[in-house]
Structure formats: C-alpha cells, structure tokens
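Encoded as structure tokens, the structure appears first; notes follow it.
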Amino acid sequence: MTKPSLTPRPEPVDAKQYDPSLIEEAYYRWWDENKLFHPEPTPGKEPHTIMIPLPNVTGMLHLGHALNNSLQDAVTRCRRMQGCETLWLPGTDHAGIATQSVVERRLWEEKRVTRYDLGREEMLRRIWAWKDEYQSRILSQLRRMGASCDWDRTEFTMSPRLSRAVRRTFLELFREGLIYRGQRLINWSVGVQTALSNDELEHHEVDTFFWDLHYPLTEDPSRVITVSTTRPETMLGDTAVAVHPSDERYKDLVGKTVRLPLADRDIPIIADEILPDPEKGTGAVKVTPAHDFNDYECGKRHGLPMINILNTDGTLNSNAGRYAGLKAVEEARARVVEDLKAEGRLGKVEPLRHSVAHCYRSGTIVEPYLSDQWFVKMDSLVELAKKCYLEDRQVTFFPPRRGDDYLRWLDSTPDWCISRQIWWGHRIPIWYCLDCHPNIELDPSGDPRPIPSDARPVVPGSDDPEATPEACPVCGGKRLVQDPDVLDTWFSSQLWPLSTLGWPDETEDLKFFYPTSVLITARDILALWVARMIMMGMKFRGGVTPFRHVLIHGTILDEMGNIMSKSRGNGFDPVKVIEGGSDEIKGKSEPAPGIPTHRVEHYKVYGADALRYGVLGLTAGFNQNLKMSVRRTPREGSEGALPHFDVEVPVFEEGRRLSNKMWQAFRGVVLPNVQDLSPAPEGESPFPEDRWILSRVGSAVAEVTANMAEYRIGESTDRLYHLFWDDFCSYYLEVVKPRLWGTEEESGRGQAQRCLLRASDAILKMLHPIMPFVTEALWQDLLPALAAAGLAAPGSALMTAPWPESKSFARDAALEAATALAQQVASAINSIRSEVPGVPPGQALPEVVLCAEPEGMEALVSLGPLYGAISRLAKVSKIREGEIGSPPSQSAAAVASPLRIFLPLAGLIDLPAERARLQKKIDKLAKASEGLERKLSNPAFVEGAPADIVEKERGRLAENRQAISLLEAQLARLG
RNA sequence: GGGCGGAUAGCUCAGCUGGAAGAGCGUCGGCCUUACAAGCCGAGGGUCGCAGGUUCAAGUCCUGUUCCGCCCACCA
C-alpha cells in the first residue's frame, strides 16, 4: 500500500451493449500511466519473471503471437494478483538474416538497388530505420492485446547494453577455446549468400531424378563402375568412387582408378566402411567431399582432395571447367546430364522424390559449402544443458514430454556455426593484422576478403562494444581490420534472460529477477533457442537455469490442419480481430475450397478480450495442434474486382458473447442494485441461494487457482465461462432478483447485496487474467460498492487487487446437491411446458405437485427452501407436496429422481400427445434398465467390484424401475 | 528412416489417477418472460479410428494396425 494513489479511473461508459472500443484504450492508458506494469526489485517480495520470446522485427505479429502473448499475460496478471513482484520484459530481436533479407528485397523491388550499391554503412542505416518502424508497430500490437509488459525495460538485441553482453560472451568463450575459426563444410544459403546453422534449414520435398552414371576404368575404358546420384552436376568435383570393403562385386577394383568423364581426371576407387551401402543402388557411390556432408567425412577419412566447384552465388567456378558460370542446379545439371548421355556415360534415370534443405529465410536451396567460419564447440555446453535438466532438475517442462525433445536435440547437435556473411547483426569482435597477413585485401565495402584460414585473431582489450584493439600484439602494427562477418542472431538471443537484466553487471534486477519463472514458447524454437539459453545460464550464471519452467504450447492451424499465416492466405492480423475492419489478402494458397487466394476480408469488432478468450480456450489439454475454424461467407454485390468475404471465428464469437453477457449482467442487475447497501446482519446468510453461489465460487477459486499454477489456462476459461453464465447468471441472479427489488426486512436485501458483491468480485478477479479489459471496467464501476462493503480498497485497480482465496468461501456440498435437484425439477417442468401441446408457453403454470416415495422424503424436504427458486426458473405460481399414492388427475408427469413431478392441466392437456411423450420416456428408461440388470445379474460383477459401486448400480436400477412404474401408472390413468 | 502428437456429436474440442459419454458452435422447435434476441426455454444428434488383450468393469491401461499432423535425419 506504499504506492501512491492512482490517477482518476477512466470515465464510466454507459452503453447498452458491450463495446470494446470504448473501454480498451482508456483502461490500457490508465494502467500504464499508473505504472502498474512496472515492478521494482523489492526485498521480501516474491519475484515472478517472464522474458518475452522476442519477436523478430521483420514483420507484424500474427495469431501465433496473439496466443503466445495471451498466455504470458494471463500468467503474469494472475501472479501479480497473487502478490508477486511481476516482471514481464518485452523486446524485439534484430533477426539478422530475416530482416536484412526483407529490407534487401524491398530495396530491389522499389529502387532496383542492392546492398552492394549502397555500401555497408548506408545499408545498415536503412535497416535501422526499418527496425524502428516495425519495433514500434509490434510493441503497439502488444499493447492493443492488453499485454502488461514493463515498457520501461523494453530491450532490443542490438542495443548497446545487449551488444556488450554479446561481446563479453564471445570473448570469454573464445579465450576458453570454445569458439574457434576453421574450414568446414557448412550449409550455405545461395539466396542470401551466407553460412547457416543446421537449425536454420527447412526441408522441402522435391521431385527430381536418380541418375546412374558410368565411370570407365582408367586402365580398361571398356569396363565401367556405375554410381547413382541425385546431384549429377557435382560429379565435376568428385575425387573418388567408394565401395564397401565387403562387397565382392568390386573387390578387385579397389585401388584402381576411374577416368572421371567430362572432367578428364583420374580418381581412385576406395573401400570405405561407412559411406557405401552394398544393398542400395549399385553399391558404388561417387565421393564429392566439398559438396556433400557424408562425402566430406569420407574424404577426411581417406585424405581425399576436396575440390570446391561452387561460387558463393551458387554458380559453378573455374574448377568446373567449361561449365563455369552456370547455375549449379538450374543450368549445369541439365548440361552435365546431356553431355554424359552424349558420351554414353548415362545409365538409367528414375524419378525420385526426396527432401532437400532450403534456407528458412530466403527459401532458396542450401548448398553444402566448404569455407572458413567461426564455430562454437558444443560438447561441454551440451553437458551443462543436460545436467541442468537431468541431474539438477532445475527446469521443468509443461507438458513433461517436451523434456524428451530437448534431450534428443542435445544428443545430436554438432558444433554451431555462428558466423554469417551479412551486415545486420553483431560484428564478430576479432581483428586481423594487415602487416602480418599482407595477402588480405579490402573489398569495395572496406571489408577484408579473403581472410586466410591461418589468420591470427587479435582481440580487443575490453567488452565495450565500441572498443578496438590498439595494435597487433605480434608485430605492433596498427593496420588492423575487423572480421567482416556478423554473429548468428541466436548468439545474442541465447543471452536474453541474462542480458536484459543487465548481465554481465551484477545489477539489482539481475539479483532479484533471475532466474526467470517461466518461458512460454512454441515448440519450433525449443532447440534453436531454449536449449541455448539454458547453456548460457549454466555457463555464465554459476550453473543456474535461466528459467524454472518451460511451457510449450501448440501451433494454431486452420481447419484443414495447415499452419496459419497471412502469406499463405489463411491467417489474419490479430489487431483486425480486435478492432474490426477489412484487409486485402493475397495469399499463396486457398484457405478452404472455393475461397480465392486474392480477396478482401471483413472482420467484426471482437475486442481484445474476445481474442484472448478464444486463443486461450484452444490451449486446453496441452495439444500441439490447435485447429481453429474460420467461417468466410461471400458478400453479395461486393464492390470492385476482388471478391469480398465476411469472416467469423467461432472461438472469438464465444468470447465476444461472454464479454457482452458480463456487461449486460453487471449493467442490468448487479450495479443498479448495490448502489445503496441495505443493512445486513453479520454471519452466514439464511438464504440458500446466497450460500450456494458462494460455495460454487469457492470451488471454482480452488480449481482455477490450481489450474493456473500448472498453466492449464484453457481449462480455466471453460470453468469460468460456466461459473459465470450458468451459476451466476442463469441461477443466482434469476433467483436473487426479487430480494434485490423487494423491501429490506423480508427479503434480506442487504445480504443479497453483500453476497452479490463477493461473488462478483471473485468472478471478475478470476477472469481478469484472461479478459483484462471488460473485467477492470466492470470492477471499477463496482468499486464504490465493494469499498462500502469493506471488500476492496477505494481507489485501487482490479489489475493489482488480491487474488481470491477459496478458504474464504464456505462450501456446502448438501446444499449444492439440493440445488442441483431443484435445477433438475425446474428443467423437467420446462421440458413439459415445451413438449406437451396445450401448455401455454408464456404464462406461469398455476401449480406443480411434488411427490416422493418414503426413501425420497429427505430429498423432498431439503428442497423445501428452494421452492422459490424453482418457481422462478420454471415459472410456476405454486409448488406443493402431494401424496405419492394419489397424484392429481389430468396431469402431465415427469421424474427427477427421487421425486415425481405432476403438472395439473385439467382441460389443457392433449391426451394422445402426452401418451406418446410418456411412452418415449418409458422406452428410454427401459433400455437403460436392461443394461443395469445384465450387469447386476453377473456374479463376477457383484462379487468382484467394490461394494459401494455395486450399491450405486443397484440404487440406479431401483430408481429406474420406480420411474418406469410411475410413468406407466400415469399412462394408465390417462386411459 | 527415427521420434512425438492426434483420431470422441455435423464442426472445433474437453474428458485428471479405469466405474452410467460432455461443452461451445451449428441444426430443429418454442419464446420480444421487466440485465441480456449478441438473449431465454426445450429437443435431436456419438458402435469414443480399426482389431485384439488385461479387468467384474476400458473413451480412459497394454499390443498391433490404418489414416492425419509435427519434429528430427546425410537416405548416394
């Protein structure tokens, strides 16, 4: 309570229906201006920290982000109300390759210039401008969704502070020998012209061929050895043919040479244990160590020469002789095949579909490419990451099975290639001495190229991202040039939980908020990001995990099971869902049969709460696929050339209806009736509906609290929906209304008001993490009454109000059972009203008679205090008890075990229709009884099953039989 | 090829440690009942993918199998 009082709350909105546009921005601004999102390290308080999985500045947020951030916000808001000092730290990722590619593409489309035309400095200026624009758009999208991030701590991976952390990390790992430079076969993106790590590849199925090539023996050209390949053009770089040592067919050929066609080189036939599989193809394979990962390993085993035949742009180089300059896959392949055919060296050609690696950003083919790159040695880091999870149990996955995915990746990760031949990113903090290495040249951008494999690295003296080494430690020369490459984006993102809190400085934030509480993310970056953050935390934070929990949520898919994205044409902008409006969609594929790829879509105003409710509801059960159905209906007579569609999303529809229902219930019933508190005696209310709703709220508080603690947020949305709609609105409000309207003494108005306030308060609180806006707005309207009743502090905010406790709500199981029976009775009466012809639908029924067998008397008695409730719910004027033996004549009957219900309907009843209705019920009951009888006549069941189960089944059968006999008697009476 | 997940009402999905099949939407019928027609009342609709097994009892556990999806993998 040390916080200064809040600024005046936003003006109350008086609207008949809920209009999110009148609420959301005003309340968000109010929270923000009161710094309610901003935590401070506070000794004695429990911290709760979430680092946002930093979105890329490449584009706008999509529905997947809406889900991810709704989860984070729901957890954050819940913990904040539970008294934690909550930090949700926002920020963005510079996303090196992705962002540079986007800006380059745009430059080319708009101005026909390349990055080389602009030069490094100007290009970076353009990318910074892009970043500024998109970062602010992304952050405003987050605000729009209601994200309670601490904007004062907003970070960016290339800020000076984070750049310092990156440099510190690089230099420490380098000094330790965990970062090294070396020539390796790496993945090369031909489109972006940079190295990629294994994790940046996408595999796509490609239709191609399997070609058989005949290589003639040097000593006897009439004899050939046949190899099969999917990449005939790489034969220009072959340096051997390999066979399995056990392969009898080729035993005599090992050690001889073949004459490589087209290249006219002699290459050896070698025996290798690993590469060739005698069962496959001809059993003999061509070996191209510079252009295939397996061949590379084989080449190293046998000391084969490695002939690089590629340029960085994917064309063939001079090692390819007359094919130089041709694009390898698109042009050279066909020419090589053609020429081999002409020479009679081509064997059979079979169609083949196989998966080929593509660049995850440019979509172009990835070539294995031999080059000098920087690497992180992974083995010791992998050990730390395993220890954290397996031995220390410092980190827990939700759901637990995700821990297996994590381990699987750790077990199969090679050294990490971290250098990228692009400009946007953290420059590698290594210099080279031009005096020691006179063959280093500077290209037009001022970048040194090439850097020899044996160039001696010179490191700067400090972590300052601006620091440069003064002189060459060997020759003292001052002509130093920095390595032109930048680091893989993930090198900086892996530091996110550390660097955002100020590491390597020992800041108050770092001391208080580290380790973070939970990392919430989708599965696709488990390896790329999650595992590496753990490594860095373990390495640089004294073996402490960066996060205690990892929540892996599913991916939103469309109804067909495809990943949703705007570029595919089946996704949409979350802000459009919130604000409504229209959007031109120009996708790659049809979102559903008959829906064109290029169209205009119109969205309703759903509001942020409905969006959040909808996406959070999808997450129930930790499912990995979250299919979301979308209805698109064509608009008649739409203007313009493009077809127009109205878009409806059922899950958002549900959220919108819920927000509106809340609005209506509070505006229409709760608020008008709590303005003037009538006096009420202390202690428990004598009115059963009061005790009932508090009991129901109490059990919901217990369940929701438990669910939230396990991140079962989808389950909570469902639970709260029914608590509010069914229990609070359909039952409690209906039943309590007369007391609110009535005079004080008789009706217990004061008690009704207090109970209403307590239930409302708890419901709004529990719904707040899911639907922050409508709940805060209604709670503010309710606050004066809550304060008057001593249930809340005046001038406070729901956002920071304390979470309800289940122990403050008395539970009453017997009352809940009695009320459930009352609801069944009301429902049975309504059913008769609806099904029996002749019963007036609108008017109240004059009388209902309830009867019970002797063993049901207790239940009947317990129902006594609830007659008023039944009267309201089923609209009957009078309820009385009757003798079971002499039911009223000319009546419709129903059963709500253990009670019999009679509606005297003299003169109104349609006899044949009523007879048919009764017969239908009897048939249904008889069918159920048959099953029970069979079960109970089975001695194995009666003896084997626990006694209470057998008893239960017996009771059920007796109930059924009684109901049947009653209905049959009724049938007989109707004649 | 390896790993994982899914298959339950027309659609999207709940269903925890095995004890009479649920929600929302959609459909059908009836209601402008004084918070709410963005609503209320009622009805219909399911051999829980298929085949075995364990058990007195299986949507739930085990085995096999078929589809769908995802992740990983060098399939020459």
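Keep in mind that the numbers below use all heavy atoms, side chains included, and drop hydrogens, waters and symmetry copies. Here is how names work: the chains are called A, B, and so on, in the same order as the sequence lines, proteins then strands, and each is numbered from 1.
Residues passing the salt bridge (Lys or Arg N to Asp or Glu O under 4.0 Å) test with A:Lys927: none are found, sequence neighbours excluded. Not counting sequence neighbours, A:Arg657 has no partner by the salt bridge (Lys or Arg N to Asp or Glu O under 4.0 Å) test. Residues that satisfy the salt bridge (Lys or Arg N to Asp or Glu O under 4.0 Å) test with A:Asp405, not counting sequence neighbours, are A:Arg402, A:Arg408.
Checking A:Trp409 against A:Trp741, the closest nucleotide of RNA chain B that is more toward the 5' end is the one next to A:Trp741. Comparing A:Lys875 and A:Tyr721 against RNA chain B, the residue whose closest nucleotide sits nearer the 5' end is A:Tyr721.
Of the residues in residues 725-732 of chain A, A:Trp725, A:Cys729 come within less than 4.0 Å of RNA chain B through at least one heavy atom, sorted by number.
Within a 6.0 Å sphere centred on CG of A:Asp411, heavy atoms belonging to other residues, nucleotides or ligands number more than 12.
Atom-to-atom distance recorded for A:Leu658:CG and A:Tyr18:OH is 10.5 Å, nearest 0.5 angstrom.
For the pair A:Leu557 CG and B:C68 P, the computed distance is 16 Å after rounding to whole Å. For the pair A:Glu734 CD and B:C40 P, the computed distance is 10 Å after rounding to whole Å.
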Legend entry - Base-pair map of RNA chain B as dot-bracket, where | denotes pairing with a different strand and pairs are Watson-Crick or G-U under 3.5 Å: (((((((..((((.....[..)))).(((((.......))))).....(((((..]....))))))))))))....
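Between A:Arg231 and A:Glu233 a salt bridge is recorded (basic side-chain N to carboxylate O distance below 4.0 Å).
At a cut-off of 3.5 Å, with distance as the only test, no side-chain donor of A:Gln823 or A:Tyr731 sits close to an acceptor on the other residue. Side chains of A:Lys286 and A:Ser228: no donor on one and acceptor on the other come within 3.5 Å.
The phosphate of B:G2 has neither OP1 nor OP2 within less than 4.0 Å of any side-chain N or O from A:Arg408.
One N or O donor and one acceptor, one from the side chain of A:Lys737 and one from the base of B:A35, sit under 3.5 Å apart.
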Inset, instruction - Do nucleotides 42-48 of chain B as a string where each nucleotide becomes B, S or -: B if the base has a protein heavy atom under 4.0 Å, S if just the sugar-phosphate does, - if no protein is that close. - result: SSS----
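Ring planes of A:Phe666 and A:Phe728: parallel class, angle under 30° (limits at 30 and 60°).
Comparing B:A35, B:G15, B:C11 by their closest approach to the side chain of A:Ser629 singles out B:C11.
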